[in-house]
Amino acid sequence: MEPIDLDLDEAELELPSEPMHLNLGPSHPAMHGTVRIVLELSGETIEKADVQIGYLHRGFEKMCERGTWAQVFPYADRLNYVSPMLNNVGYALAVEKLCDVAVPERCQWYRMLLGELARISDHLTCNGAMAMELGAFTPFLWYVKAREMVWDILEEETGARLTHSFGRIGGMASPPTAGLKDMCRAAIPAILKLVEEGEKMLLKNRIFIDRLENIGAISQADAIALGWTGPCLRSTGCAYDVRKAHPYLKYDEVDFDVPVGTKGDNLDRFLVRLAELRQSARIILACCDRMPDEGPVSVDDPRFSYPPKSAVYETIEATIQHFKLVMEGAKVPKGEVYSYTEGGNGELGFYLVSDGTGTPHRVRIRPPCFQITGGLQSLIVGGMLSDIVPTFGSLNMIGGECDH
Amino acid sequence: MSERVLQALKDKFGDKVVATHSDFGDDTAVVDPSVWRAACEFLASDAKMAFDMCTDLCGVDYPDRTPRFEVVLHLYSISKRHRVRLKTRVGDEYGDDAVVDSVVDVWKGADWLERETYDMLGIVFRGHPDLRRILMYPEFEGHPLRKDYPADKTQPLVAYREEAEAGVPLGKLAPFGPDEGMSFGRRPPVGPTEN
């Protein structure tokens with residue numbers, strides 16, 4: 001063994017002065033999605049960062065140009081895979097704007113109810129995963145338990161837990177089940193109770209708070225310039241929510257608040273999501289009270305909606321209608337349209353270009369995560385390496401949506 | 001609602017505003033590429049316009065038209081709550097010469113959007129600080145959202161290369177040892193190997 005107190009010249013002990021390069025991701029256990037960050041570190045401080053996305057690119061927009069308008073729904077499910085119903089409804093609304101179709105009242109309430117359930121699932125996943133990445137595993141399990149309750153309802157309604165493909169042009173695939181309202185009224189208090197328990201564990205935990213507060217802060221002007229929307233923008237104090245600013249469906253008829261933060265740091269983003277989740281619960285209960293029990297959930301328009309299955313088997317007209325809709329697709333009028341809804345992470349926009357045939361000419365999705373992840377670099381440069389994990393987690397980057 | 005925006009654009013840029021319409025309630029102005037940047041600066045800085053958010057920027061390929069591509073910008077104003085769609089047309093029939101001014105210094109959020117449009121359609125944004133592919137990898141050949149790019153086209157596997165050989169910035173971190181990465185990315189061993 002060599003002696004520890006080596007008699008070295010001071011000059012030889014000089015540390016290397018060039019920055020250290022570190023490759024974080026694309027597959028890293030503490031990361032919230034498949035993303036690669038190339039870092040230049042000086043000690044533990046980040047001097048430069050290059051965020052590289054695209055690992056989950058599946059050519060969504062290209063694939064949409066190959067099928068019919070209705071065949072986009074399964075793709076839309078897979079964009080934001082923690083709140084697929086919001087994508088389904090967003091795309092359906094965009095096509096309906098192009099077709100100038102208004103869905104029946106019952107369908108509007110139904111879409112709102114399912115959408116808000118999906119939003120609860122989105123926020124639970126984000127906050128739970130963020131806590132887990134910081135080492136708090138128990139709240140994550142509770143949040144996932146609450147999310148299971150949401151998914152049980154969605155499974156009962158749509159037949160699928162995650163990829164529902166439930167939207168249709170001019171309506172929904174099937175009417176609400178008889179037990180929907182009772183299921184929601186039973187599940188919502190249970191979900192909120194679990195959320196509260198998880199919240200107590202986290203928000204009174206010194207370690208958790210210390211790692212979030214004043215970390216990853218962004219000013220309101222910067223957030224707007226970067227094109228941020230959704231909870232991340234609202235955490236800076238800007239109360240822009242598509243549901244309030246430009247109401248669609250029946251959002252102007254229900255009572256809910258838009259929670260905002262003040263500092264735009266990680267803790268604010270966490271708290272805004274928790275508060276929004278409670279507002280979503282309010283909207284769901286209001287939908288349960290106001291959704292009619294009778295009535296159609298699809299428009300009665302042979303250009304877009306499928307005939308009832310019994311008619312398809314019995315009459316030639318309905319068979320032809322069904323065949324034309326499936327094989328050629330609904331003929332969507334020529335034109336271009338931009339339709340926007342409030343997705344789980346912010347403004348979810350669809351820019352559609354139709355050439356009048358049954359196939360889209362261009363389906364452009366405006367995923368909220370893309371812009372938000374674009375701002376990640378400015379949040380982490382100058383901070384510590386370990387702060388990337390909570391900052392990135394609180395942005396809720398969803399690979400499927402961000403990478404198209 | 002924002003028809004005043006279209007009128008203001010027409011007053012300011014005259015016949016450089018090629019066309020306007022408000023189909024489906026979306027107010028749209030098509031401008032000449034020469035005033036693309038000026039129009040963006042006007043919309044962002046004018047107190048009556050105040051478009052502070054670049055919501056979306058994308059390109060659309062119309063292979064039958066010349067100019068072939070449309071660059072489509074969607075803007076929103078948080079304070080005025082109005083929206084506008086601004087378009088310009090670039091590119092010849094082969095998709096070459098599709099160049100438009102970058103608006104990154106007008107809205108920071110346009111950075112990744114312009115990179116994506118370049119990646120997907122090959123539209124070059126003049127003055128962009130870091131114009132490289134974003135969703136695809138640097139060695140990818142072609143631009144996938146062009147209508148003449150077959151959807152089922154396969155790309156060749158890329159062997160491991162140094163940046164000097166590739167001629168494009170690859171963003172790879174050296175060193176990669178012989179046991180790292182995918183087998184097709186490994187270099188054939190030079191000289192006699194031991195095992």
Side-chain angles (χ1 to χ4, degrees), chain A residues 21-23 36 38 50-57 59 61-63 65-66 97-98 100 220-229 233 238-240 245-246 333-340 347 349-353 355 361-362 364-367 370-375 377-378 402-404, chain B residues 1 21 23-28 44 52-62 64 70 72 74-79 81-85 87 106-113 115-117 119-120 130 132-137 140 144-147 149-153 169 171-174:
Chain A
H21 287 271
L22 187 75
N23 203 11
R36 177 180 175 216
V38 181
D50 182 24
V51 182
Q52 297 179 0
I53 60 164
Y55 290 92
L56 224 55
H57 180 73
E61 292 171 353
K62 188 78 178 172
M63 289 303 115
E65 292 170 11
R66 304 214 298 172
K97 188 174 172 187
L98 200 49
D100 197 18
Q220 188 176 329
D222 279 349
I224 292 173
L226 281 166
W228 283 24
T229 46
L233 174 65
C238 175
Y240 171 60
H246 307 275
K334 207 170 174 173
E336 54 178 345
V337 80
Y338 180 73
S339 162
Y340 44 98
E347 181 177 317
F350 283 96
Y351 171 62
L352 308 176
V353 181
D355 51 5
H361 183 80
R362 177 89 160 93
R364 158 75 186 171
I365 179 202
R366 185 257 180 218
F370 188 79
Q371 305 276 76
I372 291 171
T373 314
Q377 187 198 359
S378 59
C402 182
D403 299 351
H404 303 256
Chain B
M1 183 178 153
H21 72 75
D23 296 348
F24 305 102
D26 295 353
D27 297 296
T28 308
D52 42 14
M53 187 187 280
C54 165
T55 314
D56 191 22
L57 189 150
C58 67
V60 188
D61 184 9
Y62 295 96
D64 304 335
E70 262 185 7
V72 186
H74 288 96
L75 300 174
Y76 180 65
S77 166
I78 294 269
S79 51
R81 288 192 177 183
H82 57 190
R83 284 171 193 271
V84 76
R85 180 191 297 141
K87 302 203 290 187
V106 185
W107 299 283
K108 270 191 284 179
D111 183 348
W112 275 26
L113 293 167
R115 276 177 68 186
E116 190 198 351
T117 310
D119 189 0
M120 292 290 128
D130 184 22
R132 58 193 160 115
R133 288 186 180 272
I134 183 163
L135 295 176
M136 294 301 171
Y137 45 96
F140 189 89
L145 271 185
R146 288 190 178 183
K147 290 283 180 186
Y149 184 94
D152 53 357
K153 185 177 172 183
K172 284 179 177 167
L173 284 187

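Source: prediction; values computed, not measured. Naming convention: chains lettered A, B, ... in sequence-line order (proteins, then strands); numbering from 1 in each chain.
A distance of 7.0 Å separates CG of A/Asp50 from CG of B/Asp130, quoted to the nearest 0.5 Å. Here B/Arg81 contributes atom CZ and A/His246 contributes atom NE2; the two are 6.5 Å apart, rounded to the nearest 0.5 Å. Here A/Ile365 contributes atom CD1 and B/Cys58 contributes atom SG; the two are 11.5 Å apart, rounded to the nearest 0.5 Å. Interatomic distance, B/Ile134 CD1 to A/Cys402 SG, rounded to the nearest 0.5 Å: 7.5 Å.
Residues that satisfy the salt bridge (Lys or Arg N to Asp or Glu O under 4.0 Å) test with B/Arg146, not counting sequence neighbours, are absent from this structure. Qualifying side-chain hydrogen bond (donor to acceptor under 3.5 Å, both in side chains) partners for A/Ser339, counting only residues two or more places apart in sequence or in other chains: none.
Put simply, of A/Asp100, A/Thr229, A/Leu98, A/Asp355, the one with the most heavy-atom pairs under 4.5 Å next to chain B is A/Leu98. Listed options B/Met120, B/Lys147, B/Arg115, B/His21 were ranked by heavy-atom pairs under 4.5 angstrom with chain A; first place goes to B/Lys147. When B/Asp52, B/Thr55, B/Leu57 are compared by the number of non-hydrogen pairs under 4.5 Å with chain A, B/Thr55 comes out ahead. Your options are B/Ala110, B/Ala151, B/Cys54, B/Gly25, and the one with the most heavy-atom pairs under 4.5 Å with chain A is B/Ala151.
B/Asp23 is not listed as a side-chain neighbour of A/Val337, based on a closest heavy-atom distance of 4.5 Å or more. Between B/Val72 and A/Arg364, the closest side-chain pair of non-hydrogen atoms is not below 4.5 Å. Put simply, the side chain of B/Glu116 reaches to within 4.5 Å of the side chain of A/Phe370, judged on heavy atoms. Contact check for A/Gln52 versus B/Arg133: no side-chain heavy atoms found under the 4.5 Å cut-off. For the pair A/Trp228 and B/Met53, the minimum side-chain heavy-atom distance is 4.5 Å or more. Proximity of A/Val51 to B/Trp112: side-chain heavy atoms (C-beta onward) are separated by under 4.5 Å at one or more points.
Across all non-hydrogen atoms, the minimal contact from A/Glu336 to B/Phe24 is O-CD1, 3.4 Å. For the pair B/Tyr149 and A/Lys62, the tightest heavy-atom approach, listed with the atom from each and the gap, is O-NZ, 2.8 Å. B/Tyr76 and A/Ala245 make their closest contact through OH-CB, 4.2 Å (heavy atoms, listed as atom of the first residue, atom of the second, distance). Closest heavy-atom contact between B/Leu135 and A/His404: CD1-CD2, 3.8 Å. The two residues B/Ile78 and A/Cys238 have their closest heavy-atom pair at CG2-SG, 3.8 Å.
In this structure, B/Glu70 does not pair ionically with A/Arg362, as no charged nitrogen and carboxylate oxygen lie closer than 4.0 Å. A salt bridge is absent between B/Asp152 and A/Arg66: the closest approach of a Lys/Arg side-chain nitrogen to an acidic carboxylate oxygen does not fall below 4.0 angstrom.
Cation-pi contact between B/Arg83 and A/Tyr340: present, with separation from the ring centre below 6.0 Å and deviation from the ring axis of at most 45°.
A donor-acceptor pair is defined here as one N or O able to donate and one able to accept, closer than 3.5 Å; such a pair exists between the side chain of B/Asp26 and the backbone of A/Tyr338. Looking at A/His361, its side chain never comes within 3.5 Å of a backbone N or O of B/Val60 through a donor-acceptor pair.
Looking at A/Glu347 and B/His74, their side chains never bring a donor and an acceptor atom within 3.5 Å of each other.
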Take B/Leu113 and A/Gln371, measure what side chain to side chain contact (heavy atoms under 4.5 Å, CB included) needs, and give me the verdict at the end. CA-CA 8 Å; B/Leu113 293 167; A/Gln371 305 276 76; 3.3 Å; yes

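Using a 4.5 Å cut-off between heavy atoms, A/Leu56 makes no contact with chain B at all. Only the backbone of B/Asp61 comes within contact range of chain A, judged by heavy atoms closer than 4.5 Å.
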